[in-house]
Amino acid sequence: MKAIWNGVVVAESEQTIIIEGNHYFPPESIKRECFRKSDHQSRCLWKGIANYYDVVVGDAVNENAAWYYPEPKSAAKEIEGYIAFWKGVKVTQ
């Protein structure tokens, strides 16, 4: 699977985990230079608190376009630290 934004592959892995229709990419599969920590957080009742990254390609910034659970609840332990995408980031094979 590949996560693509603004014509650039920002993550690629053959071992994503699919939950609720979202592919979660292993942390080592992302191009770190395309990610900038965001202060944004959200809460999922069964997964816990999600933290976000802005996805950055050149001068273009897609705010809060990637999220991950640094300390998920026990029901979601398998995706701890894994990154998922939205806001126009295309996830494809």
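Residue numbers run from 1 in the order of the sequence given. Nothing here was measured: the structure is a model prediction, and the numbers come from that model.
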Contact between Lys37 and Asp54 at the side-chain level, heavy atoms closer than 4.5 Å - yes or no?
no
Hey, quick one: are Ile49 and Trp46 part of the same hydrophobic cluster, counting side-chain heavy atoms closer than 4.5 Å, chains of contacts allowed?
no
Atom pair CG/NE2 of Asn64 and His40 - distance to nearest 0.5 Å
5.0 Å
With a 4.5 Å limit on heavy-atom distance, are the side chains of Ile4 and Thr92 in contact?
yes
In terms of ring plane angle, is the pair Tyr69 and Tyr24 parallel, tilted or perpendicular, where the classes change at 30° and 60°?
tilted
Sequence-distant partners of Arg32, side chain to side chain contact (heavy atoms under 4.5 Å, CB included), two or more places apart
Pro27, Ile30, Tyr53
Shared ILVMFWY cluster between Tyr68 and Phe35, side chains joined below 4.5 angstrom?
yes
Taking Lys90 for the side chain and Ala3 for the main chain, is one N or O donor matched with an acceptor at less than 3.5 Å?
no
What's the spacing between Lys87 NZ and Glu63 CD if we round to 0.5 Å?
6.0 Å
Asn62 CG to Trp5 CH2 distance, which is reported to the nearest 0.5 Å:
4.5 Å
Sequence neighbours excluded, which residues qualify as salt bridge (charged side-chain N to carboxylate O under 4.0 Å, His left out) partners of Glu71?
none
Quick check on the hydrophobic clustering: are Val89 and Val56 connected, directly or via other members, by side-chain heavy-atom contacts under 4.5 Å?
no
State the CD-SG distance between Glu20 and Cys44, to the nearest 0.5 angstrom.
6.0 Å
Straight-line distance of Asn22 CG to Ile79 CD1, nearest 0.5 Å:
9.0 Å
So do Glu14 and Gln93 actually touch side chain to side chain, heavy atoms under 4.5 Å?
no
For the residue pair Ser42 / Tyr52, report whether a side-chain donor-acceptor contact shorter than 3.5 Å exists.
yes
So does Lys2 have more than 12 non-hydrogen atoms from other groups sitting under 6.0 Å from NZ?
no
For the CD atom of Gln15 and the CE atom of Met1, what is their distance to the nearest 0.5 Å?
13.5 Å
Could you walk me through whether Phe85 and Phe25 pass the ring-ring contact (aromatic ring centres under 6.0 Å, His included) check?
CA-CA 9 Å; Phe85 300 92; Phe25 287 75; 5.5 Å; yes
If you compare all heavy atoms of Glu80 against all heavy atoms of Pro72, which two are closest, and at what distance to 0.1 Å?
CG-CD, 3.6 Å
